[in-house]
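Just so it is clear: chains get the letters A, B, ... in the order the sequence lines come, proteins before strands, and each one is counted from 1.
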Amino acid sequence: MLRWYDANARVLPWRAPPGSPPPDPYRVWLSEVMLQQTQVATVIPYFEKFTARWPDFASLAAVEDADLMSAWAGLGYYARARNLLAAARAVAGEHGGRLPADEAALRTLPGFGAYTAAAVAAIAFGQRAVVVDGNVERVVARLFAVADPLPGAKPRIRDLADSITPDARAGDFAQAMMDLGATICTPRSPRCLLCPLADRCEARAAATPEAFPVKAKKKARPVRYGTFFWAERDGRVLLVRRPDTGLLGGMRAFPTGVWSESPPALADAPFAADWTLRNATVRHVFTHFELIAALATATIGGHIDAPDGEWWPIADLDSAGLPTVFAKAVKAIGRSE
DNA sequence: GAAGCGTGGAT
DNA sequence: TATCCAAGCTT
């Protein structure tokens, strides 16, 4: 694997060339958090933007929460951004401005789970650590033809990954396994003819690489309905901040009614106004449900009993840091009648 | 252990 | 279009 990696490693902004000294732990950590459940191509522009604005722990730790959440807008899984800031502040305040170098200490920081702690320990600090992400799970499951379904097979796969992890260059080994999974040993139509492990791969020998890893069936995704409320006055629109926990936690948003299983009415408007239902809807797929949102608008004249929020210039909505579902609503309002 | 948590790419 | 799923973590 290391030989293959030396010749085939992807060139990425947060990565050092194979065999060279480890890159800046700050950049490794930032990239690992952004890459959680997120593809490389999606992460790159965010990583460039973040490292340009906040090049180290000290600068990131000093950011206002709202600025960080706004910069993260569109990347998803917003708890990552909240944990990122909490970890940066812990590092700046309690760890002398540096990440701890061992896996167990890393594991105690916000946003560091089993994967991220192992990856940072191995990639940024040269420690031997067993790094298991979705790519490694797939490669190992195929290499050893693991027949037990995920997620129950995770401990077994972790042990197998441990058994093939070298003492030296464990970080490069981990990145090699992930590159292999991302480019060769793909979920569908793996390119086994290019794989350096093909000779030793049990799934390949059985001619059924795509059958691994075995996974439990997923539940169907329910549909929920809601309404987004666009309150406009003097060229501005009312934005609120969502609660810190839960869906889109801490993000700017339009006021919304309750999201439920049946189509809503204007009855759950956030305040009394002359609401008009537009002839447009927003459809958006979240991890565990699909949302179909109606759009209601009102022009506000005199005083209203509106919730706390910001009257944001409509011409400058791009800078509000709205999550994608609400950015879609802005577009749909523009198209509607 | 299971459920909650975003968004977009690939097929 | 439908489905899978991506360098997972938290509760």
Side-chain angles (χ1 to χ4, degrees), chain A residues 9-10 12-15 27-47 69 72-84 86-87 106-124 129-139 150-152 154-155 158 161 171-183 185-190 210 213 215-224 242-251 253 259 282-291 322-328:
Chain A
R10 288 181 288 176
L12 300 170
W14 47 83
R15 182 179 274 186
R27 294 168 62 88
V28 174
W29 163 67
L30 180 61
S31 71
E32 289 300 342
V33 173
M34 288 183 166
L35 286 162
Q36 289 165 8
Q37 297 288 283
T38 309
Q39 295 184 161
V40 165
T42 303
V43 164
I44 287 175
Y46 282 87
F47 181 82
M69 299 311 290
W72 197 274
L75 196 54
Y77 283 141
Y78 298 98
R80 292 185 295 174
R82 300 193 296 274
N83 288 332
L84 190 82
L106 289 167
R107 187 71 176 76
T108 67
L109 290 167
F112 279 82
Y115 164 78
T116 304
V120 171
I123 296 169
V130 181
V131 180
V132 183
D133 76 326
N135 290 302
V136 176
E137 278 183 354
R138 183 171 58 256
V139 172
L150 288 171
K154 279 176 181 289
R158 199 266 179 197
D172 280 354
F173 176 78
Q175 294 179 93
M177 292 286 280
M178 294 190 279
D179 276 15
L180 187 72
T183 64
C185 193
T186 50
R188 280 178 281 188
S189 306
E210 283 183 285
K215 294 194 175 184
K217 264 194 176 177
K218 296 193 172 173
K219 296 197 309 187
R221 182 157 27 218
V223 177
R224 294 185 195 165
R242 294 175 61 84
D244 278 331
T245 57
L247 187 74
L248 308 175
M251 301 299 290
W259 301 355
V282 168
R283 178 182 299 264
H284 189 75
V285 179
F286 292 101
T287 303
H288 55 294
F289 68 95
E290 174 180 354
L291 178 69
L322 292 174
T324 298
V325 64
F326 295 118
K328 283 184 181 178

Q) Expressed as a whole number of Å, how far does the P atom of C:dT3 sit from that of B:dG6? A) 22 Å

Q | Nucleotide of B:dG8, B:dC5, B:dG6 approaching A:R80 most closely (side-chain heavy atoms) | A | B:dG6

Q: Rounded to the nearest angstrom, tell me the gap between atom CE in A:M69 and atom P in B:dT7.
A: 11 Å

Q. Who passes side chain to side chain contact (heavy atoms under 4.5 Å, CB included) against A:R15, sequence neighbours left out?
A. A:Y5, A:A9, A:R10, A:L12, A:Q175, A:D179

Q: Can you check each nucleotide of nucleotides 2-11 of chain C against protein heavy atoms at under 4.0 Å and return B for base, S for sugar-phosphate only, - for none, in 5' to 3' order?
A: --B-BBBSS-

Q | Donor on one side chain, acceptor on other, A:T186 and A:R138, under 3.5 Å | A | no

Q | A:T324: side chain to side chain contact (heavy atoms under 4.5 Å, CB included) partners, not counting sequence neighbours | A | A:H284, A:K328

(Q) Is there a side-chain contact between A:H284 and the phosphate of B:dT7, meaning an N or O under 4.0 Å from OP1 or OP2? (A) yes

Q: Return the set of residues passing side chain to side chain contact (heavy atoms under 4.5 Å, CB included) with A:Y115 (not counting sequence neighbours), or none when no residue passes.
A: A:E32, A:A119, A:V131, A:D133, A:M178

Q | Gap in Å between the two C1' atoms, one belonging to C:dG8 and one to B:dG1, rounded | A | 16 Å

Q | Partners meeting side chain to side chain contact (heavy atoms under 4.5 Å, CB included) with A:R82 (sequence neighbours left out) | A | A:M69, A:Y78, A:A79

Q: Would you please name every residue forming a side chain to side chain donor-acceptor pair (under 3.5 Å) with A:T108, sequence neighbours left out?
A: none

